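Structure, as structure tokens:
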Amino acid sequence: MTLLSRYLWATAGLSGFVVVWWLATVMTDLPAYLLPSPGAALAEIWEPSYNWGTHIWATTQEIFGGYVLAVVIGVGLAVLFSWLPALNAALMPLLVVLNMVPKVAMAPLFIVWLGFGIVPNMVIAFTICFFPILLTTYRGLLEVEPDLINLVKSLKANRWQIFLKIQLPGSLPYLFSGMKVAAVLAVAGAIVGEFIASQKGLGYFLLAQQNALNTSAMMMALAFITLIGVALYGLVLGLEYLVVTRKGIGK
Amino acid sequence: MTRPFVRLVGVTKTYHAGAQEFLAVRDVTLDVEEGELVSIVGPSGCGKSTVLSILAELQAASGGTVEIGTPDSPFTPGRDVGMVFQKALLLKWRTIIDNVMLPAEILGLPRRASRERARDLLEMVGLSKFADAYPQQLSGGMQQRASIARALVHDPKLILMDEPFGALDALTRERMNLELLRIWRESSKTILFVTHGIQEAVFLGSKVAVMTAGPARMAAQFEIDLPEPRTLDVKTTEKFGNYTREIYHLLGMH
Ligand SMILES: Nc1ncnc2c1ncn2[C@@H]1O[C@H](COP(=O)(O)OP(=O)(O)O)[C@@H](O)[C@H]1O
Ligand SMILES: [Mg+2]
């Protein structure tokens, strides 16, 4: 299938979804507070009292901030673990156990420690997407053919050369599969954080509108959250295309 | 008589697994003249790869003597070894020529000269057209040729090949055997060729060292006296049949 026809089909699928939604509002007499029409939801964009900009900006910062933090720390730790097996042996079991703790359940604790605002929600997004990145990258760094290591060691390659020329580029496909999983998790993490305690952000806005049964505004907030997630995912895909797919490295 | 380029005398290797000791190979005694192609043949697990890794200084022998190089042609570990394995082990994210360049990069050799040499080598292995292709665009045989070019790019004195054609189909394998003999003649390298194919060992080597398993040791050596340059016709000669039969017997196969 050509790229163009794939875009066309994707667009058709999305439009179809909106049309079905619209038909559902026209053909049934569901009240608007249960299912507002797409048009009614879209019209909420122009309501100035909603302060969309503030909420979108807050949520975007939390998602991207937590995500970037998770990539930096996850990859950094994975590299350290691959260099220092003792460190890996000491910390990996601990991290696996910590990963079992539901991140959502830790949110109240983060709020106690870090107060209200963007930072605790960023941290929740971070904790929820850090582990998959660490794990996939670590695996990618170790997944090297033993004979390839023998080959370069027979040339007396030093550890740094082995890392830069073989391990790191070899781990990129793994890193990106972790980053794609994490992109979805980061969005969930930030929103859940906002649910628990916050004064701005799209998650906060959702709860506030729920009390008013303002379903159309909630729909629009969901659409914005989705757009932020899609933007993040798209960025990751673009980056993956540049450094992995274009060079023909897949797993 | 001149000194051989590689001299192994009574080499043993013991692996330790906890308190357990495991004698992987013993009695490895072998001379390889400079510019000679010697085959090592034996069943899997008899220690062939272990011998090569000792020569490549990937691990030390537990006993015996290992000498490589002569006064006229000194040997520098790291600098003078080229290795080829059963898998081509090309880096997927590098073009063929950049793969061939890898040893030159690791050794810090001058870039431009190495690149020129890499091009020449690709020409020699018949891959000129694929210099800028990525490995996965090449067939298994072509990938293995690229890995041979990679083993030669830093102009090492000793080439160690560990079952390099073991994963190829029978026809490609025969073609690669001929190709290797040509490359060997053109480059006049000293080559140690490990295989578990008896026919392949006899066809390629001017000498064949036979290793047996349980106990793993070097059991015998045969000087292979066949007409040079060797062609596939050699395989139909009586002499060739006699050599292979003798080795089969030695390995306990009748
Ligand atoms: N690093 C190692 N630790 C322990 N045993 C090993 C190691 N490498 C090889 N061996 C053992 O030594 C023997 C010889 O192995 P190897 O040299 O790979 O044989 P071959 O290449 O002829 O198949 C085998 O029994 C193998 O299991
Ligand atoms: Mg082996």
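Nothing here was measured: the structure is a model prediction, and the numbers come from that model. Quick note on labels: first sequence line is chain A, next is B, and so on, each numbered from 1.
Pairing each heavy atom of A/Pro169 with each of B/Trp93, the nearest pair is CB-CE2, 3.2 Å.
Within a 6.0 Å sphere centred on CH2 of A/Trp21, other residues, nucleotides and ligands contribute more than 12 heavy atoms. Around atom OH of A/Tyr241, no more than 12 heavy atoms belonging to other residues, nucleotides or ligands sit under 6.0 Å away. In this structure, B/Arg111 places its CZ atom where only 12 or fewer heavy-atom neighbours from other residues, nucleotides or ligands lie under 6.0 Å away. Remark: B/Glu186 CD is packed, more than 12 non-hydrogen atoms of other residues, nucleotides or ligands lying under 6.0 Å away. Within a 6.0 Å radius of NZ in A/Lys200, no more than 12 heavy atoms belonging to other residues, nucleotides or ligands are found. Within 6.0 Å of the CZ atom in B/Arg175, the count of heavy atoms belonging to other residues, nucleotides or ligands does not exceed 12. For A/Trp83, the CH2 atom sits in a packed shell: over 12 heavy atoms of surrounding residues, nucleotides or ligands are nearer than 6.0 Å.
Chain A is approached within less than 4.5 Å, heavy atom to heavy atom, by B/Ala56, B/Glu57, B/Leu58 from residues 42-61 of chain B, ordered by number. Interface residues of residues 140-164 of chain A toward chain B, defined by a heavy-atom distance below 4.5 Å and sorted by number: A/Glu145, A/Asp147, A/Leu148, A/Asn150, A/Leu151, A/Val152, A/Lys153, A/Ser154, A/Leu155, A/Lys156, A/Ala157, A/Gln161.
The most heavy-atom pairs under 4.5 Å with chain A, out of B/Arg94, B/Arg79, B/Gln137, B/Met83, come from B/Met83. Interface remark: of the candidates B/Thr95, B/Ile106, B/Asp162, B/Ile106 forms the most heavy-atom pairs closer than 4.5 Å to chain A.
Looking at B/Pro135, there are no atoms closer than 4.5 Å to chain A (heavy atoms on both sides), in backbone or side chain. Contact of B/Glu105 with chain A is made through backbone and side chain together, with heavy-atom distances under 4.5 Å.
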